[in-house]
Amino acid sequence: MNRIKIFDTTLRDGEQAPGCSMHLDEKIEVALALEKLRVDVMEAGFSVISKGDFDAVQTIANTVKNASVASLARAVKKDIESAYEALKGAVSPRIHTFIATSPIHMEYKLKMSGDKVLETIFDTVSYAKSFINDVEFSAEDATRSDKEFLAKAVHTAIKAGATVVNIPDTVGYTTPIEMFDLITYLMNNVDNIHKAEISVHCHNDLGMGVANSLAAVRAGATQVECTVNGLGERAGNAALEEIVMALNTRKNIYNGYTNIDTTQIYRASKLVYNVLGLYSPINKAIVGSNAFAHEAGIHQHGVLANRETYEIMTPESIGLPKNNMVFGKHSGKHAIENRLKELGFELSKDEMEAFFVKFKTLADKKKTINDLDLQALLGHTEKEITSKGYKLDRFTVNTGNYITTNAVVRLSDGEKLYEEVAIGDGPIDAAYNAINKILKAPEHSLDDYAIRSITEGNDALGEVVVRIKCGDCVITGRGLSTDIIEASLLAYINGMNKLI
Ligand code: KIV
Ligand code: ZN
């Protein structure tokens, strides 16, 4: 069986997608979850693009010990120097440099001849190699490139010292049959190919990102690039959880295995959705809420007799616990801690203390607390521990259909308290206006506001996600409470703290 390496690019290609940008603290949280998942490589960002990206790559490089950390770099010297600067503290750093090889990209984007592109590949891979031994080269838009030219590009990169050569389907255009043929062609026509690892990176524009990646594995690729939940530019990238579970479940077809701890999949998926304020579609493969649900009578009957009648994987294999447990105000810290462990969350002593305070407050308001509540509460508690800035101290809102709605909001910042009153077009508008008066933040607009309940019932927890736009930047804020006005305020304050 071949060992298939998992190269995760959630923090680079995933984060590049509109509305998916993450704050530094959030990137670190995701990086640690990826480390727990045991990815082989995590691409932490594109260091030259902004100071934020540089800081993220550097911090992750200095933090993560059990995975290689990569930074993307165009095939230009200043990008490679920046990648090296950001990565030099890593235990296992990798520079990932790329240039396009398709006729359309070379003519219209790069305005370079084929010969110039080959020369640039040689120069920049050699340059990267002078800093770091592990250098990955990507031939952008490889699947729309002339295959003989692509073979020359791959040969040149390996000759210059590339340890990994990546064949991206940048625009999600290829099909499994073509991908299989392309990798087979390269294997047979590049004479130094055995000196490097062959990787693929498939986008999902036609919904074939995972299928194309798996076809490449069948043809001999030993690294797959992917993102948690399939996030990424446009329709996204191949989904990590789908690739890993396909390799696991169909070993006889792919003859490969990964080092991923699959029991961390559910947790990592939840974390990434939470951080971005997104929710999984109910029918999303592997991690959707219906992925292991059996409603039809005939299916339930079959599963009760033998799970394997309708289940090709077990929920436990991705970290979903078998049965839902219910807690209440009499539940003890140990029971909660144990359940969190079963759900895949290991908390430090301080984190557990902070979590338990939150749990008790919630248990006073809500009769029963289940796994979904625990996970939601945990996501928000983690956020509060890491988030700096203003906190909600208290608020009052007067609203009705025959009065002008007004809100008084008091925020604290350390020892200091700030209070403002404002009117608005409804309770949330009034409360947000009061917060704006206190914060004197840069000009911004509320781009999106969404509310949903975590579980059923009148006392359910409500989660609010807001998107705040400031210039080109869109920031996500999240808040959780059994009171929807409070959840709305918490979400706005969370977002505004990041903005400030
Ligand atoms: O899709 C793509 O081609 C990329 C490369 C930079 C690897 O993301
Ligand atoms: Zn990509």
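Quick note: numbers below take in every heavy atom, side chains included, and nothing from hydrogens, waters or symmetry partners. Counting convention: from 1, in listed order, for ligands and their atoms alike.
Checked against a 3.5 angstrom limit, the closest N/O atoms of His201 and ligand 1 fall inside it. The shortest N or O to N or O distance between Asn166 and ligand 1 is not under 3.5 Å. The shortest N or O to N or O distance between Arg12 and ligand 1 is below 3.5 Å.
Residues His203 and Tyr173 keep their aromatic ring centres 6.0 Å or farther apart.
For ligand 1, the atoms closer than 4.0 angstrom to any heavy atom of Glu140 are 3 (O). Short contacts between ligand 1 and Asp13, defined as distances under 4.0 Å to a heavy atom of the residue, involve ligand atoms 8 (O). The distance from ligand 1 to the heavy atoms of Ser138 drops below 4.0 Å at these ligand atoms: 7 (C).
Proximity of a side-chain donor or acceptor of Thr258 to a complementary backbone N or O of Ile260 within less than 3.5 Å is detected. Remark: side-chain polar atoms of Lys469 are not paired, donor with acceptor, to backbone N or O of Asp447 under 3.5 angstrom. Under a 3.5 Å cut-off, the side chain of Glu241 and the backbone N or O of Asn229 do form a donor-acceptor pair. A side-chain donor-acceptor contact under 3.5 Å links Asn189 to the backbone of Tyr185.
Ring planes of His444 and Tyr492: tilted class, angle from 30 to 60°. The aromatic rings of Tyr127 and Phe131 sit perpendicular to each other, their planes meeting at more than 60°, with 30° as the lower class boundary.
With a 4.0 Å heavy-atom cut-off, ligand 1 is reached by no atom of Glu225. Looking at His203 against ligand 1, only its side chain comes within 4.0 Å, counting heavy atoms. With a heavy-atom cut-off of 4.0 Å, His105 does not touch ligand 1 at all.
Among protein heavy atoms, atom 3 (O) of ligand 1 sits closest to Thr170 OG1, 2.6 Å.
Within the 4.0 Å heavy-atom shell around ligand 1 one does not find Glu233.
Residue contacts to the Zn ion (ligand 2): Asp13 brings an N, O or S atom closer than 2.8 Å.
Between the side chains of Glu85 and Ser82, not a single donor N or O lies within less than 3.5 Å of an accepting N or O.
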